Amino acid sequence: MAADFWTSSQFKQLLDPEELNVVHPLDKERGITAEDYKLIKFHISNYIVKLAQYIKVRQRVVATAITYMRRVYTRRSMTEYNPRLVAPTCLYLAAKAEESTVQARLLAFYIKKVQSDEKYRCEIKEILEMEMKILEALNYYLVVFHPYRSLTQLLQDAGMSDSTQQTWGLVNDTYKMDLILVHPPHLIALACIYIASVQKDKENTAWFEELRVDMNVVKNIAMEILDFYDSYKLMSDENRISAAMNKLP
Amino acid sequence: MGDGRLSNSGSNSSSKPEWLEQYDVIGKIGEGTYGLVFLAKIKSNRSKSIAIKKFKQSKDGDGVSPTAIREIMLLREISHENVVKLANVHINHADMSLYLAFDYAEHDLYEIIRHHRDKVNQSINQYTIKSILWQLLNGLNYLHSNWIVHRDLKPSNILVMGDGEEHGVVKIADFGLARIYQAPLKPLSENGVVVTIWYRAPELLLGAKHYTSAVDMWAVGCIFAELLTLKPLFQGQEVKGTPNPFQFDQLDRIFKVLGHPTQEKWPTLVNLPHWQADLQHIQERTYNNAGLYNVVHLPPKNPAYDLLSKMLEYDPRKRITATQALEHEYFRMEPFPGCNALVPPQPGEKVVNYPTRPVDTSTDIEGTISLQPSQPVSSGNTMSGAHVMQNRSIPRPMPMVGMQRMQPPGIPAYNLASQAGMGGGVNPGGMPMQRGVSAQAHQQQQMRRKDPGMGMTGYPPQQKNKRF
């Protein structure tokens, strides 16, 4: 259902963590590894964020675009679906789905500003063709629920409205990982609030206990986020990224 | 769909896209600004008819039309007996065309009303009206409880299934303008969309900035009256080509029947832009001849009249909701609404045989599909005479409305800057956490619960089992 997460296609499609980063046979042939998958998706997510800054779309559009991109690579190879083209196309499609349509012409123009590397250049026609391939790869499921929706309300309820910006930033960073494909969005929101409250030394145990949610799951998500920050330097190492990207056609 | 059977077009060299092989296309049944609609049979199950809606490429070279995207997006998530079923989506990559395949409905309210008015010159029987209205409200109640507003309800968008398992079942169709209203919606006019004004709620005509589900209820009221009288209730002359939602003639017709709106009846009226601006001196006009019951020929005490007048309530906040309407006395008295609107349950009642939808067999879908990239659509049609059907004649242009225009970009971005802040590569705060916290230790926490609001409605029937 469109407004109820528990009956949504997103809930039905949630993946087990071991279903992620299964390297497609075509990519294996090129020597691409599961670690490369993570790096490439991380890099491509950042690319989508940068493009979005130029074309000026809401954060929700960015989040939807990254979710589309991550869903595509649970089913399709990077060899056939070049991430350099998939990134702007997912943003293009997400903008339509989230009612803030962006012209393909404009995207093609900003790509040149964001990425000096020739390999990222693309024709308008390529974006339009890829849009259809992505629709197909997504099996036409386009509604995405995000943690942002419940965030403000939860923060208010927890008496942590002053941490809104910090928590919002944490949520943004969760899109650099595959969390949105694995967990219900409100649990991701809670994990970010959990991290924020520990950082602020805010005693929130009682509040969390009163929520009817599995705190194990929330804490595990928080752990994953923190692990991600631990590996952040390694993940953003330019040399490693370009080594992974260079395995692509 | 969803079982991996969604086909992609063949990159093979055969004469038609692979997905088309599963259908026998009979002919064209409709045409609109969005594209064309074809009637087809499924080869493996000849009893099943499908309506294939072909979307044109958007003119400005901007890929799949946003209308198609929204329609797919919503229909892929919803499922209800009174909402049209999206059976499949197909893509022809060569000419970048997109096709939505729906379960076919033989009739629609536009044709049913027209048949009674122009052909049999007889009103629709009370059972049929009540059953249609109940099913329409039932579908709408489902949409509204899922925060979807349809925004373009009109007789031609309300389908009725023909012979078969679902005979007489009403289906709400055409979701190209429908929206999930978790965020306030901008008026259609701001997106350059033109829709029929006859079913448009007065708050929109007066420039209300946001849509609510009440606009759909107004349209249902207009449709209800039209089923009763066979004439559009408020048949205003549309002023075309204006971005302004103010349509004086439409408002004038509404006021003539329902009386002049007053601040007493409708407190927020004074805040509406076009009431304030008072361009045509609507505030000073006198409309004292309020006579809805004269128009629909019902005594004011009649429950049908009571329900209708509650749907046509000026103040959108006082207007009856779909949930409330389903509980109305009108549906609790005989004849009771059944699930086959076309066949009354009582034997002996006359059954009207509605004509089947005209099919233009001279336009074949294949003639509109290009198999070569970057080649103009060939107009040579491959008409197959075998499909010509006796009782089907020339199709009328379907009064469906699509939208092709893009809305301008320019919704301000926010909070992108916060991206930069995180990622210092440290465990912020040195979280006191361990992996694999014992499950029992937290069991009691799952039991208690404070409030159900989490931006999510409801809770899952069961939690998906995962390993962490």
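Each chain gets a letter, A, B and so on, in the order its sequence line appears, and its residues count up from 1. Predicted, not measured: the structure shown is a model, and the values here were computed from it.
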Query raised in the report: What residues, two or more places apart in sequence or in another chain, satisfy ring pair (Phe, Tyr, Trp, His ring centres under 6.0 Å) together with B:Phe175?
Result: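 Checked B:Phe175 against ring pair (Phe, Tyr, Trp, His ring centres under 6.0 Å); matches are B:His150.
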**Report entry** Qualifying residues under ring pair (Phe, Tyr, Trp, His ring centres under 6.0 Å), relative to A:Tyr81, sequence neighbours excluded
**Finding:**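 Ring pair (Phe, Tyr, Trp, His ring centres under 6.0 Å) list for A:Tyr81, sorted by chain: empty.
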Query - Crowding at CD, B:Glu81 (>12 non-hydrogen neighbours, <6.0 Å) - result: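 Yes.
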**Report entry** B:Arg76 side chain near A:Val143 side chain, heavy-atom distance below 4.5 Å
**Finding:**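 B:Arg76 does not reach A:Val143 side chain to side chain.
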**Report entry** Point-to-point distance, once rounded to the nearest 0.5 Å, from NZ of A:Lys96 to CE of B:Met73
**Finding:**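 Answer for the NZ-CE pair, A:Lys96 versus B:Met73, is 13.0 Å.
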Requested in this report: Find the distance between CG (A:Leu142) and CZ (B:Arg70) and round it off to the nearest 0.5 Å.
Outcome: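 Reported to 0.5 Å precision, the distance equals 12.0 Å.
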Query raised in the report: Taking all atoms of both residues into account, what is the closest heavy-atom pair of B:Met96 and A:Leu128, and its distance?
Result: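 Closest heavy-atom pair between B:Met96 and A:Leu128: CE-CB, 3.4 Å.
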Query raised in the report: Do you know which two heavy atoms are closest between A:Tyr140 and B:Ile91, and how far apart they sit?
Result: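 Closest heavy-atom pair between A:Tyr140 and B:Ile91: OH-CD1, 3.4 Å.
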Query raised in the report: Which bit of B:Leu75 comes within less than 4.5 Å of chain A, counting heavy atoms only: side chain, backbone, both or neither?
Result: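 The answer is neither part of B:Leu75.
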Query - Residue A:Leu135 versus chain B: region with a heavy atom under 4.5 Å - result: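 Contact with chain B: side chain only.
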Query raised in the report: Checking heavy atoms, do the side chain of A:Lys133, its backbone, both or neither come under 4.5 Å from chain B?
Result: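 For A:Lys133, backbone and side chain are both near chain B.
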**Report entry** Main-chain N/O of A:Ser9 paired to B:Glu77 side chain as donor or acceptor, under 3.5 Å
**Finding:**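 Checking the backbone N and O of A:Ser9 against the side chain of B:Glu77, a donor-acceptor pair under 3.5 Å is found.
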